[in-house]
Every structure is written in structure tokens, then in C-alpha cells.
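Because the structure is a prediction, the values reported are computed rather than measured. Here is the naming used below: chain letters follow the sequence lines, and residue numbers restart at 1 for every chain.
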Amino acid sequence: MSESNKPLNFIAQIIQQELAEGRCTQVVTRFPPEPNGYLHIGHAKSICLNFGLAESFGGRCNLRFDDTNPAKEEKEYVEAIKRDVEWLGYTWDQECYASDYFQQLYDWAVELIKKGKAYVDSQSSEEMASQKGTPTQAGTDSPHRTRSVEENLRLFEDMKNGKYKEGEHVLRAKIDMASPNMLMRDPVMYRILHRAHHRTNTDWCIYPLYDWTHGESDYLEQVSHSLCTLEFLPHRELYDWFLDQLVSKDRLRPKQREFARRNLSHTLVSKRKLLQLVEQKVVDGWDDPRMPTISGMRRRGYPPKAIKNFADAIGIAKRDNVVDLSLLEFHVREQLNKTAPRVMAVLSPLKVVITNYQEGKEEWLEAENNPEDESAGFRKVPFSRELYIEEDDFREEANRKFFRLKLGGEVRLKNGYIIKAESCTKDSKGNVLEVQCTYDPKSKSGSGTEESLRKVKGTLHWVSIPHAFEAEVRLYDRLFSDPTPDAHKDRDFMEFINPDSLQKITAFLEPGLKEAKVGEQFQFQRMGYFNVDTDSTPGNPIFNRTVGLRDTWAKLDQKE
RNA sequence: UGGCCUAUGGUGUAAUUGGCAACACUACUGAUUUUGGUUCAGUCAUUCUAGGUUCGAGUCCUAGUAGGCCAACCA
């Protein structure tokens with residue numbers, strides 16, 4: 001691969017070293033989502049990391065659903081997650097479910113009880129919390145901590161057999177109520193939950209908790225490197241303690257490694273807050289193109305390769321970070337620039353009449369589909385006496401920096417002729433309604449004449465009015481105006497919602513676009529990249545702005 | 001206040017493990033351009049602070065400072 005000489009991130013370095021030292025012979029990773037919601041850009045990073053690492057070391061990566069909480073999980077999410085991972089272009093080795101290990105986990109728990117390493121506690125969660133102590137103060141032992149093995153076994157079995165109500169008992173690991181690590185103060189391993197599970201239905205009424213599931217699942221799947229975000233770092237001690245109780249020396253012992261979660265500017269990723277946006281109809285649903293969900297980015301038109309390259313570019317480390325959205329947008333443009341056919345679309349029309357162009361005449365001009373890709377070929381676009389150009393592309397008068405059309409000035413119509421603005425008509429408020437131009441018949445693009453080779457500073461896109469095709473275009477912008485909308489202590493993230501994050505307009509497009517199919521992507525020249533939204537119907541495409549083009553003029557203009 | 005983690009341009013990561021601080025994005029110049037796009041060339045750093053070790057420190061030592069994480073029968 002061309003990336004072989006790229007410096008390794010710290011996790012890849014660890015893997016390389018452990019491979020060399022023989023701790024493991026093959027790299028096995030896993031992507032372990034809980035099926036309780038939709039995947040977002042943060043998950044995408046984790047997917048790229050886990051699958052990417054396995055790929056580059058010739059190993060494999062499992063997709064594992066961490067489904068130990070039936071109160072929150074649904075099959076619908078399992079399907080959505082699989083769709084998103086596939087869309088990113090990854091193929092998992094095994095499709096696993098923590099729920100497949102419930103029996104094994106139960107058996108191991110019984111063993112722990114027999115070894116005196118776990119006990120049934122019968123206090124309320126409030127009582128247990130009050131005994132937990134604080135980070136600076138040791139906890140106190142539960143009165144049930146000294147129950148006999150026999151009593152614990154009987155109670156645990158009765159828990160499993162549904163003899164108790166929720167909250168009556170829990171199974172706890174017997175570790176150390178004075179540990180400086182709060183997680184080691186006799187953590188709960190099982191709770192009673194009389195709930196149907198999306199896969200095991202009512203087979204179980206006790207469910208294992210995260211800590212008593214994750215490492216064990218890793219062990220059962222013989223995962224060599226269990227990667228997670230930094231907030232799980234304190235869990236590592238417990239992860240190892242549980243494994244200590246059950247690993248056999250001849251099998252691979254998984255290791256947990258932590259990396260810092262990536263924060264993307266101008267967005268947030270908290271499930272609760274995203275849900276709020278959906279419920280309060282700030283957005284159109286979980287796959288709204290403004291959402292940071294994978295399904296939202298897909299609908300927005302972000303290519304999977306762009307997301308992968310982005311994930312790769314931001315790297316991996318252990319410090320707090322906020323990655324600028326513009327880096328993601330750069331990778332989106334980088335992909336689309338190579339692949340998206342160029343077309344002409346006028347988003348905000350201004351009528352131009354070419355007074356010396358014969359009335360009723362039409363010409364079909366040759367237009368290049370993609371200057372970045374010769375194999376993309378050419379197409380024909382209709383030209384006539386009456387055209388639309390972009391409102392912003394005309395000013396009655398302007399300084400030298402304005403390369404576009406102004407009275408007495410010349411400009412080239414892309415793929416067409418050089419025109420000169422002679423006059424304009426305005427309404428009573430002074431708004432320009434129409435621009436009258438003359439054209440140079442000899443300046444036709446590609447004709448090879450001296451006039452056609454003449455340089456004019458500006459080139460405008462345009463659409464022939466009689467041929468134009470009207471379509472709905474949705475102009476999306478960032479959802480939040482603040483780089484870190486949910487990092488303000490005294491201000492709610494809802495205050496930072498960008499009121500202009502969506503603008504629906506009717507645009508005028510070259511006629512060929514009428515046949516555009518859902519998912520197809522285009523560059524509207526000088527405007528941005530657009531894709532056909534899933535709301536479209538045949539013959540009535542709706543276009544989403546995926547991302548604008550870099551616009552140095554907009555910046556220049558703003559400074560004035 | 002206990003334990004743990006972290007600190008390198010505006011942003012995100014590198015630095016052959018003690019040897020000229022590099023890459024990408026952003027921003028700004030300029031060139032090219034029938035997209036103010038693309039492409040090309042260039043500009044932007046007292047490596048958190050203060051001491052110390054060393055011929056030599058982003059890297060090692062000491063003391064600070066700042067930020068983050070940890071007390072769910074969530075994951």
C-alpha cells in the first residue's frame with residue numbers, strides 16, 4: 001500500500017510490538033455498538049479504526065452488538081447499524097451479540113460465587129450508593145457481603161428463575177470497597193429486569209452489566225485488541241480483574257486500549273440532545289442531512305471514502321480535541337471533485353436577454369462533463385435568446401475586483417458566447433428585473449476563432465429560460481453557529497442553532513437533470529456539490545446541497 | 001480534597017525514541033484556469049511555565065500550572 005511509510009499511531013505501534021513479541025499472532029478487533037440508537041460520526045471514527053487496523057495488519061474485525069439492556073435496545077437499530085457499517089464499505093468477520101453469551105456469562109458468574117468472588121446484595125440501589133463512599137473517601141461493606149456461598153448460589157439461581165421483582169437483589173463482584181477506583185468497589189454484575197429482549201425474548205430476567213460482559217465477550221471472540229474511548233480507562237482495572245477470574249493460559253487474553261474521542265466542531269453527538277432535535281422538529285429525523293449521523297451524512301451526499309479519509313486524517317491520540325468541520329468538508333470536496341459531473345444550475349435567477357440573438361433560435365452547445373476526468377465525456381446544453389444567470393453575478397457598477405457582469409462589461413457564458421451588458425430594467429424599488437446584453441457571434445466556445453480565444457476575466461454559468469427545468473433545491477448549512485454548542489456551562493445548546501441551516505428554493509436547471517436518480521451527485525458549477533434526495537420521485541428530483549465549493553470571492557466580497 | 005489521563009502553529013496529528021520541529025486542514029499571498037472550482041508555488045511556532053541534567057531536550061529529571069475522566073441495578 002502507498003501508506004506503508006506513514007507513521008503509525010500509538011495503538012498501531014502497540015499492536016506491532018505485541019505482534020513482534022508474540023502476545024498474539026493475529027489482530028482481532030471488534031466494533032461493539034449498543035443497538036439503542038443510530039450511529040454517528042464518532043462511531044464512524046471507531047469503525048474506521050477497528051476495521052482499518054484489522055485490515056492493515058491482515059487480521060479481522062467482528063461486529064458485536066452490546067445488547068445487555070433490553071430496556072433500550074431494538075432490532076430496528078441492529079438493522080440500521082449493519083446498513084451503516086456496510087455503507088462505509090466494511091465487511092465484518094463475525095456478527096456477534098453479547099446476548100449469545102448470556103448462558104456462558106451466567107455459568108462463569110456461578111463459578112465466581114463458588115470462589116467467593118461474588119455475592120448477592122439485597123439492598124436498594126440508594127443504600128448501596130450511600131455505602132459506595134466518594135473518590136476521596138473509602139466505601140463501607142454491604143451487610144450481605146459475607147453471605148455464604150450456598151446462600152448466594154441459591155439466591156442467584158432464584159434471581160435467574162424469576163422469583164424476585166426488579167431491584168430486590170443484584171449480584172456484585174467482591175473486590176474492594178476501599179479502592180481508589182470507584183469502579184472496583186464491588187461493582188454490580190447482574191440486575192433483575194423483567195423485560196423482553198429483542199433476541200432472547202423472555203428467556204432471561206437477569207441481565208449482565210457492561211463490565212461483566214465486555215471483556216468476557218472479547219475473550220470468547222478471542223479479540224486481541226479491545227479499543228474504546230478514554231472515558232473507559234477507569235474500567236480497564238475491572239476489565240482485567242474479571243478476566244483474571246476466568247482466562248485459561250492457553251487462550252489469548254484480550255487487552256483494552258483507550259483513545260480520545262474525536263469531537264467535531266459545529267455539531268454534537270449526544271444521543272439525548274440529538275433526540276431533542278428530532279422530537280422538537282428542529283430537524284427532519286435521524287437521517288436529516290444536517291444530522292451528524294451516518295445516515296444523515298449519507299443522505300447529505302458525503303461519500304463513504306471521504307469519511308474514511310477524514311477518519312484517517314484526524315488520527316488518534318489521547319488528548320482532548322475539537323476537529324474543525326472544514327477538514328471533513330475538505331475530504332468531501334476532494335472526493336466529489338474527482339467524480340461529480342459538472343452541470344449548470346441557477347439557484348437565484350436574473351433574466352438576461354441577448355438583444356442581437358435571433359428570436360426563437362436555439363443552439364445545443366457542447367459542454368464538458370468533468371475537467372478532472374476525461375473519460376466523463378461531453379453533453380449538449382441548449383442556448384437561446386433568454387437566459388437566467390445568477391442574481392449575484394450582475395451589478396450595475398462595480399470595482400475591478402468584480403469579475404462578473406456589470407454595465408458596459410463583458411463576461412463569457414460558460415460553454416457559450418462572450419456577452420456585454422448594455423442596459424438593465426428595474427422595478428420601482430430599484431431591483432434589477434432584467435439585463436439586456438449583446439453577444440459576439442464569433443466568440444462561441446470551442447469554435448477556434450480568434451474571438452473565441454479572447455480572454456475575459458469572468459465566466460458565468462447560465463440556463464436557457466425556455467429549456468429550463470425547475471426543481472426544489474435544499475440548501476443545507478451547519479446546524480450550529482457555535483463551534484462547540486454543547487460545551488457552554490451557562491448556555492443551552494439549543495441557543496446556538498443556526499436559523500439558516502436549511503433553505504428550500506426552486507432552482508432552474510439544465511434540462512438533462514430531469515432524469516437524475518436518487519443518490520446521484522453533481523457539481524452545480526460555481527455553486528457547490530449536490531445530490532438527489534430520497535424524497536425525490538421519478539421526473540421530480542429534489543437536490544440537496546452536500547457542500548459548497550471553496551469560495552474565495554465570497555470572502556473577498558465580505559471584507560469590503 | 002483522592003486516584004487516573006493529557007498538554008507541540010488557528011485546528012488535528014508527526015518527530016527515526018536525546019540530534020535542523022514535519023504533514024494535512026484553515027487563513028493569507030501569488031501563478032494557472034472558459035468554474036473566483038481544480039492544480040501549482042509561497043507565508044503563518046519562543047513545543048503550558050520555571051528550574052535542572054547534557055556538547056545537544058518537544059523528548060530525560062524536579063516543582064508548578066491548566067484541562068479532562070471517575071461515586072448509574074446505562075453502555
Side-chain angles (χ1 to χ4, degrees), chain A residues 6-9 32-34 36 66-69 71-73 98 121 124-125 128-130 132-139 166-172 179-183 185 187-193 206-207 209-211 213-214 228-237 258 260 262 265 271 310 313-331 333-334 337-338 342 344 368 371-372 401-404 411-416 418 445-446 452-453 455-461 483 523-528 548-557:
Chain A
K6 258 186 65 181
L8 298 177
N9 64 53
E34 182 187 13
N36 70 342
D66 231 334
D67 55 350
T68 58
N69 187 359
K72 291 186 178 175
E73 296 149 7
D121 200 335
S124 68
S125 59
M128 283 171 50
S130 69
K132 202 125 201 185
T134 70
T136 54
Q137 228 178 342
E166 289 184 12
E168 270 190 85
H169 304 283
V170 292
L171 184 73
R172 296 177 78 177
S179 170
N181 183 347
M182 299 291 294
L183 288 158
R185 324 248 260 225
V188 174
M189 296 168 67
Y190 275 95
R191 80 288 216 185
I192 297 168
L193 236 39
I206 57 170
Y207 291 93
L209 276 96
Y210 168 84
D211 288 297
T213 305
H214 206 91
C228 59
T229 47
L230 230 32
E231 58 266 34
F232 287 93
L233 201 150
H235 293 252
R236 181 145 119 191
E237 191 181 359
E258 309 82 10
R262 314 323 278 178
S265 78
K271 202 165 293 177
F310 168 72
I314 59 181
I316 176 176
K318 293 172 87 165
R319 54 174 156 162
D320 298 329
N321 60 82
V322 182
V323 182
D324 203 292
L325 220 208
S326 63
L327 183 59
L328 210 206
E329 293 179 337
F330 164 80
H331 285 283
R333 290 191 190 104
E334 187 190 38
N337 179 47
K338 291 189 267 199
R342 272 58 170 172
M344 293 196 286
E368 190 177 21
E372 305 294 315
K401 283 187 186 165
F402 186 76
F403 302 164
R404 288 113 103 134
V411 87
R412 174 172 290 282
L413 294 177
K414 178 87 185 165
N415 308 311
I418 293 174
S445 292
S452 75
L453 299 172
K455 300 280 180 207
V456 285
K457 195 63 184 167
T459 301
L460 307 184
H461 64 279
Q523 185 196 95
F524 290 1
Q525 280 179 114
R526 307 209 299 135
M527 296 280 100
L549 255 29
R550 269 188 79 223
D551 192 349
T552 28
W553 164 246
K555 286 170 201 155
L556 253 179
D557 195 31

Among [options], which nucleotide has an atom closest to any side-chain atom of [X]?
{"X": "Arg550(A)", "options": "rU33(B), rU35(B), rA27(B)", "result": "rA27(B)"}
{"X": "Trp553(A)", "options": "rG36(B), rC74(B), rA75(B)", "result": "rG36(B)"}
{"X": "Asp320(A)", "options": "rG12(B), rC73(B), rG67(B)", "result": "rG67(B)"}
{"X": "Arg342(A)", "options": "rU35(B), rC74(B), rU26(B)", "result": "rU35(B)"}
{"X": "Asp66(A)", "options": "rA75(B), rU35(B), rG3(B)", "result": "rA75(B)"}
{"X": "Glu231(A)", "options": "rA71(B), rC69(B), rU35(B)", "result": "rC69(B)"}
{"X": "Glu372(A)", "options": "rC73(B), rU38(B), rU35(B)", "result": "rU38(B)"}
{"X": "Pro135(A)", "options": "rU11(B), rA71(B), rC73(B)", "result": "rA71(B)"}
{"X": "Leu327(A)", "options": "rU13(B), rU38(B), rC25(B)", "result": "rC25(B)"}
{"X": "Thr68(A)", "options": "rC5(B), rU35(B), rA75(B)", "result": "rA75(B)"}

If we ignore angles and hydrogens, is there a donor and acceptor under 3.5 Å between the side chains of Asn181(A) and Ser179(A)?
no

Taking a pair as Watson-Crick or G-U wobble with both distances under 3.5 Å, which nucleotide is matched to rG51(B)?
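Paired with rC61(B).
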
Between Ile206(A) and Met189(A), is there a side-chain heavy-atom distance shorter than 4.5 Å?
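No, too far: nothing below the 4.5 Å cut-off.
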
Atom [atom1] of [X] and atom [atom2] of [N]: how far apart are they, to the nearest Å?
{"X": "Arg185(A)", "N": "rA72(B)", "atom1": "CZ", "atom2": "P", "answer": "11 Å"}
{"X": "Leu328(A)", "N": "rU26(B)", "atom1": "CG", "atom2": "P", "answer": "12 Å"}
{"X": "Glu334(A)", "N": "rA24(B)", "atom1": "CD", "atom2": "P", "answer": "12 Å"}
{"X": "His169(A)", "N": "rC73(B)", "atom1": "NE2", "atom2": "P", "answer": "16 Å"}
{"X": "Glu34(A)", "N": "rA75(B)", "atom1": "CD", "atom2": "C1'", "answer": "5 Å"}
{"X": "Ile314(A)", "N": "rA24(B)", "atom1": "CD1", "atom2": "C1'", "answer": "12 Å"}

Answer yes or no: does a side-chain N or O of [X] lie under 4.0 Å from OP1 or OP2 of [N]?
{"X": "Lys455(A)", "N": "rU34(B)", "answer": "yes"}
{"X": "Arg262(A)", "N": "rU13(B)", "answer": "yes"}
{"X": "Lys318(A)", "N": "rU6(B)", "answer": "yes"}

Quick check: on RNA chain B, is the nucleotide nearest Arg191(A) upstream (toward 5') of the one nearest Ala317(A), or the reverse? Name the residue that is more 5'.
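Here Ala317(A) is the residue nearer the 5' end.
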
Residue closer to the 5' end of RNA chain B, Ala313(A) versus Phe402(A) (nearest nucleotide)
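Of the two residues, Ala313(A) wins.
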
According to the 5.5 Å centroid and 30° plane-angle thresholds, does Tyr210(A) stack upon the nucleobase of rA75(B)?
no

Is there ring stacking between Phe403(A) and rG36(B), where the centres must be under 5.5 angstrom apart and the planes under 30 degrees?
yes

Do the ring centers of His214(A) and Phe232(A) come within less than 6.0 Å of each other?
no

Any donor-acceptor pair under 3.5 Å between the side chain of Gln137(A) and the base of rU1(B)?
no

Once hydrogens and angles are ignored, does a donor-acceptor distance under 3.5 Å link the base of rU35(B) to the side chain of Arg526(A)?
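A donor-acceptor contact between them is absent.
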
Looking at CG of Leu556(A) and CG of Asp551(A), how far apart are the two atoms once the value is rounded to the nearest 0.5 Å?
9.5 Å

From CZ (Arg550(A)) to CZ (Arg333(A)), nearest 0.5 Å:
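So the CZ of Arg550(A) and the CZ of Arg333(A) are separated by 8.0 Å.
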
Going by an N to O cut-off under 4.0 Å, is there a salt bridge joining Lys72(A) and Glu34(A)?
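Salt bridge flag = no for Glu34(A) with Lys72(A).
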
Classify the glycosidic conformation of rU17(B) as syn or anti, calling it syn when the angle lies within 90° of 0.
syn

Distance, C1' atom - from rC44(B) to rC25(B), rounded to whole angstrom
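Per the computed distance, 14 Å lies between those C1' atoms.
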
For Val188(A), report the nucleic acid contact type (base, sugar-phosphate, nothing); a contact means any heavy atom under 4.0 Å.
sugar-phosphate

